[in-house]
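Take this structure first; my questions come after.
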Amino acid sequence: MRATVMHGAGDVRIEDVPDAALAEPTDALVVVTRAAICGSDLWPYKSMEHDEAGRRMGHEFIGVVEAVGSEVRTVKAGDLVVAPFLYSDGTCVFCREGLHPSCLHGGRYGYDGVDGGQGEAIRVPQADGTLVVLPVGRDDALMPSLLTLTDVMGTGHHAALAAKVGPGKSVAVVGDGAVGLCGVIAAKRLGAERIIILGRHLDRIALAKEFGATDVVGERGDEAVERVRELTGGAGAHSVLECVGFEESTLTALGITRPGGAVGRVGVPQNDSIPAALPAFFNNVTIGGGPAPVRAYIEELLPDVLDGRIEPGRVFDRVGSIDEVPDGYRAMNERESIKVMIEF
Ligand SMILES: [Zn+2]
C-alpha cells in the first residue's frame, strides 16, 4: 500500500510500505477514505533530522473497517468510522474520567509499529475504545466537518473548556490556524458574548468572523496586549485560548487575560517554562489545557456537525489525492493553505 513517510525537514515522500494488517485481537483494519495534514505535522517538517528509514505520518483520518480482531465488539467490517488523533482503550481509569490522552494502553499513530493516518490503510489498536461509527455514507457532504472531529475541532473545544468559556464571557483566541478557528466556533457554541481573534492573515480572519469572531486584533506583542485591553474596558478577556505554543504567543495570552480569568493552552509548548509566571500568579490566572481528549468530544460534538449547527470543515481550503500530500505540507508550511484534506 502507499503511505506518507517523512525523511527529514522538508522531505515528505509517498512510498510503498507493507500492507496494514491486524496484529492484536483488539485491532481494527481500516481502509482510509479521508485524511488531513495537521499543523503539528509541520513541526517535524521544519526541524526533523534526516532519517533514511523515515517516519510514518498522519493522525487525522476517517475510513471503512475492513476487518476486526477477535475481541473487537463495537465496530464491524463495512462500518464507516472516525478516529481521534490518539488511540485509547476506553476502559482504564483515565479513559473513564474522560482523559483519553493519558490512557494506560493508548498511544500515537506512526509509532511502535502502528501505521500513520496519511496512507491507504491503517491498523487501529484498541478499536473498541478508539473508533466511533458514523451514521452517514463515505462520501457524505459533511465529510470535511466530520474529519475535523479527529483533532482540530476537539482541540479548539478543549481550549475553550480549559479557558472556562461560558455565556456572557469575553474570549480572546491567540492563533488563526485551523485550531484557533475551531476555537472561535467552540467559544460561540459555548455562549461567549465577545470573541476577539488575534491574527493577521486576511482569509483566516474572514473565516473567523463567519464562525463568530466579533473583533480582530492584527497587532502583535505589546501592541496586541494593549489593543485587547482597550476592547475589554481595560481589564482583559475572561477566557483566552492559546492555540500556537510559542513563547511570544503564550506571553500575549497571559498579558490579555483578565484577573481571575483562565488561559486554555492547546498549542504544543515550544519552550520548557511558562513566561510571565509572576503576573499570572498575582492576577489569579488559571493556566490549563494540554492534549485534547478528542475521543470524549467526538460524541459531544458529532450531533452539532450532523445537524449543521457548526461547520468546522470550512477550515479545509485545499483538497488533493495522496500524491499531492508532499505539496500539501509545503503549502501549509508556507501559509498558502490553512488545512489540507486528502481524498482516497
Ligand atoms: Zn484508557
Side-chain angles (χ1 to χ4, degrees), residues 20-30 32 35-36 38 40-41 55-77 79-119 121-135 146-162 179 182 186 264-269 288-305:
L22 298 176
E24 303 290 332
T26 45
D27 289 345
L29 175 60
V30 174
V32 176
C38 182
S40 66
D41 294 332
R55 178 179 145 190
R56 297 280 291 279
M57 298 299 296
H59 54 258
E60 302 181 0
F61 62 93
I62 285 173
V64 176
V65 175
E66 182 163 286
V68 297
S70 60
E71 291 176 22
V72 174
R73 297 286 174 266
T74 62
V75 298
K76 61 183 188 309
D79 284 343
L80 183 72
V81 290
V82 60
F85 69 85
L86 299 168
Y87 57 84
S88 50
D89 62 10
T91 55
C92 78
V93 59
F94 295 114
C95 285
R96 286 200 307 267
E97 291 175 2
L99 196 64
H100 300 75
S102 297
C103 178
L104 298 174
H105 306 104
R108 300 171 68 184
Y109 304 106
Y111 293 85
D112 304 320
V114 178
D115 306 293
Q118 292 160 3
I122 181 167
R123 173 174 77 89
V124 177
Q126 306 292 351
D128 277 339
T130 303
L131 297 171
V132 177
V133 178
L134 292 172
L146 293 166
L147 186 56
T148 67
L149 296 178
T150 62
D151 189 343
V152 290
M153 185 59 224
T155 295
H157 180 63
H158 190 56
L161 291 183
V179 171
C182 288
R265 299 191 306 153
V266 291
V268 180
V294 160
R295 178 61 178 80
Y297 299 153
I298 288 176
E299 282 158 7
E300 184 175 346
L301 298 169
L302 182 57
D304 283 40
V305 169

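Order of appearance sets the numbers: ligands from 1, and atoms from 1 within every ligand. Side-chain atoms are counted along with the backbone in the values below, which use heavy atoms only and exclude waters and symmetry mates.
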Identify all side-chain donor-acceptor contacts of residues 91-99 below 3.5 Å with residues at least two apart in sequence or on another chain.
{"residue": "R96", "atom": "NH1", "partner": "T91", "partner atom": "O", "Å": "2.6"}

(request) Please determine if R73 and D128 form a salt bridge, counting it only when a charged side-chain N lies under 4.0 Å from a carboxylate O. (result) no
(message) Suppose the cut-off is 2.8 Å; which protein N/O/S atoms would you list for the Zn ion (ligand 1)?
(response) D89 OD1, C92 SG, C95 SG, C103 SG
(request) Without swapping roles, check the side chain of E66 against the backbone of A77 for a donor-acceptor pair under 3.5 Å. (result) no
(message) List the residues meeting salt bridge (charged side-chain N to carboxylate O under 4.0 Å, His left out) with D79, not counting sequence neighbours, and say none if there are none.
(response) K76
(request) Just jot down the salt bridge (charged side-chain N to carboxylate O under 4.0 Å, His left out) partners of D115, sequence neighbours excluded, or say none. (result) R56
(request) Tell me yes or no: between the side chains of R55 and Y111, is some donor less than 3.5 Å from an acceptor? (result) yes
